[in-house]
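What follows is a short report on a single structure.
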Amino acid sequence: MTGQRILVVGAGFAGATYARNLAEAGHSVTILDKRDHIGGNAYDFVDQSGTRIHRYGPHLFHTNNEEVVHWLARWGDWVRYDHRVRALLPSGLTAPLPINRRTLEIVFGVHLADAEAAQALLARVSTEIEHPAHAADYLHSRIGKELTDLFFRPYTKKMWALDLEELDADVVKRLPLRFDDEDRYFPQDRFQLMPRHGYTAIFERILDHANIKVELGQAFCRGMGRDYEAAFLSVPIDEYYSGCFGPLPYRSIRFEHATKVKQPEMSWAVTNFTDSGLWTRETAWHMLPHHDNGLASGTHTREEACDYTDNDFERYYPVRTSDGRFQKIYEQYAKLADETPQITFIGRCGLYQYLDMHQVINQSLLGVRRWLRRHG
């Protein structure tokens, strides 16, 4: 059967990917979003200074998935961007992140002739732990206690409101460790791109289809799904089921914007703060391609992590603990969702997963194709 009436909730990458593919297959799609804009957390705009900024923090596309890149290329031009991050140390110096040879030289005040010397230093300071039980174990086994306490312990407490001993090791495994001078944040990914005209323009193209109707400022209510043959929901799954198994917590972000004079010697976009103060990181937007306003000053944005309940229930990062207690709660909700096959939960909030943009798109392309094979 074709031409079904389908509801999609959420106009971010998950919802937009589902909506476009369903529309191209001949279905009539209504997409709702409680916010006043499309694009989800990838939404960007040009601010009063003329700087392009991302309202919900920097979104940096990187992947090895060529199919996802080809799909995105349908909707606009993309340009190469190699992301770099430096950490501000207590000394006032900055050092590359992820940790590389130069980071070790700066922190320990030594000269390391080559990658082998860097590897030997880390072997001396690290602790052998065969089966790491949590993030602290994993980091101690890789970089030792001093580097762990400098780069990860205060940051983790601010970001997650957890000690490293409480945090799932998979959260910190995402950061690679290098022994050479490679200072790009994603050197392992073939495709590191930014949209030439911004993410919002990409979403405008994706959702520009005769079979797609977009309704913004429209909160989803559970009964709305009855008017459609199928619904794809990028909504918090625990909220949908009225928290019957308990809440699924998230960390959220508050943002502070300021106009600053640009520093010509700056060669990186994001600075991480290693202290125990309020801020986790700061983005200099003019360092991203096609974000600069061409003036002497531009917008910088600092981030403060907080609980989602303290930030109007804006959900950013699912909390992953070393005992997996929240994942077990999610699995109860997922089992309950299996009993309503006409509803599919999608995206970060629907699946309670931390997902990069390419993962969301890939997951959505695979999911919508499975649904179309079954339903036409």
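Numbering of residues begins at 1 and proceeds along the displayed sequence. Quantities reported herein were computed from a predicted structural model and do not represent experimental measurements.
Side-chain contact, Ser322 with His134: no donor N or O sits under 3.5 Å from an acceptor N or O. Side-chain N/O atoms of Gln353 and Gln359 include no donor and acceptor closer than 3.5 Å. Side-chain contact of Thr299 with Ser49: a donor-acceptor pair under 3.5 Å is present, judged by distance alone. Between the side chains of Asp189 and Thr63, not a single donor N or O lies within less than 3.5 Å of an accepting N or O.
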From CA spacing to verdict: salt bridge (Lys or Arg N to Asp or Glu O under 4.0 Å), Glu314, Arg35: CA-CA 11 Å; Glu314 285 281 2; Arg35 291 170 170 166; 2.7 Å; yes

Salt bridge (Lys or Arg N to Asp or Glu O under 4.0 Å) between Lys173 and Asp168, worked out: CA-CA 9 Å; Lys173 284 180 181 179; Asp168 191 319; over 6 Å; no

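Two rings, from Phe203 and Phe13, have their centers less than 6.0 Å apart. Aromatic ring centres of Trp78 and Phe191: separated by at least 6.0 Å. Taking the six-membered ring for Trp and the full ring otherwise, Phe186 and His358 have centroids separated by 6.0 Å or more.
In terms of heavy atoms, Pro318 sits closest to Tyr354 at CG-N, 3.9 Å. Nearest heavy atom pair, residue Arg52 against residue His197, reads NH2-O, 3.4 Å. Nearest approach of Asp180 to Asn100, heavy atoms of both residues: O-CB, 3.2 Å. Closest of all the heavy-atom pairs between Thr259 and Ser297 is CG2-CB, 3.7 Å. Across every non-hydrogen atom of Val172 and Ala135, the tightest pair is CG2-CB, 3.9 Å. Closest approach of Ile99 and Phe151 over heavy atoms only: CD1-CD1, 3.9 Å.
A distance of 13.5 Å separates CG of Asp36 from CD of Gln218, quoted to the nearest 0.5 Å. To the nearest 0.5 angstrom, His286 atom NE2 is 5.0 Å from His300 atom NE2. Distance check, rounded to the nearest 0.5 Å: NZ of Lys34 to CG of Leu216 gives 13.5 Å. Between the SG atom in Cys306 and the CD1 atom in Ile253 there is a gap of 7.0 Å [rounded to 0.5 Å]. Rounding to the nearest 0.5 Å gives a distance of 9.0 Å between CG of Leu93 and CZ of Arg86. Within the model, atoms CG of Leu193 and CG of Leu60 stand 11.0 Å from one another, a figure rounded to the nearest 0.5 Å.
Residues Asp33 and Ile38 have side chains not in contact (no heavy-atom distance under 4.5 Å, counting atoms from C-beta outward). The closest side-chain heavy-atom distance from Arg84 to Met287 is not below 4.5 Å. Counting only heavy atoms from C-beta outward, the side chains of Arg80 and Asp82 approach each other to under 4.5 Å. In this structure, the side chains of His257 and Asp47 stay at 4.5 Å or more apart for every pair of heavy atoms.
With respect to Glu165 and Arg153, a salt bridge is recorded, a charged nitrogen being found less than 4.0 Å from a carboxylate O. Between Arg20 and Glu24 there is a salt bridge, with a side-chain nitrogen of the basic residue lying less than 4.0 Å from a carboxylate oxygen of the acidic one. A salt bridge does not link Arg102 to Asp183: none of the charged side-chain nitrogens sits closer than 4.0 Å to a carboxylate oxygen. For Arg55 and Asp44, the salt-bridge test fails: no basic side-chain N is under 4.0 Å from an acidic carboxylate O. Taking a cutoff of 4.0 Å between a charged side-chain nitrogen and a carboxylate oxygen, Arg369 and Glu67 qualify as a salt bridge. For Arg325 and Asp323, the salt-bridge test passes: some basic side-chain N is under 4.0 Å from an acidic carboxylate O. A salt bridge between Lys335 and Asp338 is absent, with no side-chain N of the basic residue lying under 4.0 Å from a carboxylate O of the acidic one.
Through chains of ILVMFWY side-chain contacts below 4.5 Å, Phe273 is grouped with Leu88, Leu278, Trp279.
Of the residues listed (Phe220, Trp371, Phe345), the one engaging Phe232 in a ring-ring contact (aromatic ring centres under 6.0 Å, His included) is Trp371, and it is the only one. Of the options Tyr199, Phe45, Phe61, Phe255, a ring-ring contact (aromatic ring centres under 6.0 Å, His included) to His54 is made by Tyr199 and by none of the others. The residue from Leu366, Leu355, Asp356, Leu72 that alone fulfils the side-chain contact (heavy atoms from CB on, under 4.5 Å) condition with Ile361 is Leu72.
Put simply, Leu150 and Leu139 are part of the same group of oily side chains (I, L, V, M, F, W, Y) that touch within less than 4.5 Å, one to the next. In the hydrophobic clustering of ILVMFWY residues, with side-chain heavy atoms under 4.5 Å counting as a link, Tyr18 and Val68 come out together. Cluster annotation: Ile53 is not connected to Val46 through the hydrophobic network of ILVMFWY side chains, with a link wherever side-chain heavy atoms come within less than 4.5 Å. Linking ILVMFWY residues whenever their side-chain heavy atoms come closer than 4.5 Å, directly or via other members, places Tyr352 and Tyr241 in the same cluster. Note on Ile237 and Tyr317: same hydrophobic cluster, where clusters join Ile, Leu, Val, Met, Phe, Trp and Tyr whose side-chain heavy atoms are under 4.5 Å apart, directly or indirectly.
Sparse packing is recorded around CD of Gln48, with 12 or fewer heavy atoms of other residues, nucleotides or ligands lying under 6.0 Å away. More than 12 heavy-atom neighbours from other residues, nucleotides or ligands sit within 6.0 angstrom of CD on Glu215. Taking a 6.0 Å sphere around CD of Gln342, one finds it holds more than 12 heavy atoms contributed by other residues, nucleotides or ligands. Within a 6.0 Å radius of CZ in Arg374, more than 12 heavy atoms belonging to other residues, nucleotides or ligands are found. Atom CD of Glu265 has more than 12 heavy atoms from other residues, nucleotides or ligands within 6.0 Å.
Remark: the backbone N or O of Asp227 is paired with a side-chain donor or acceptor of Arg5 at under 3.5 angstrom. Under the 3.5 Å distance criterion, the side-chain polar atoms of His209 are left unmatched by any main-chain donor or acceptor of Leu207.
Every pair passing salt bridge (charged side-chain N to carboxylate O under 4.0 Å, His left out) that includes a residue from residues 235-263 is listed here, sequence neighbours excluded: Glu239-Arg315, Arg254-Glu304, Glu256-Arg302, Lys260-Glu282, Lys262-Asp292.
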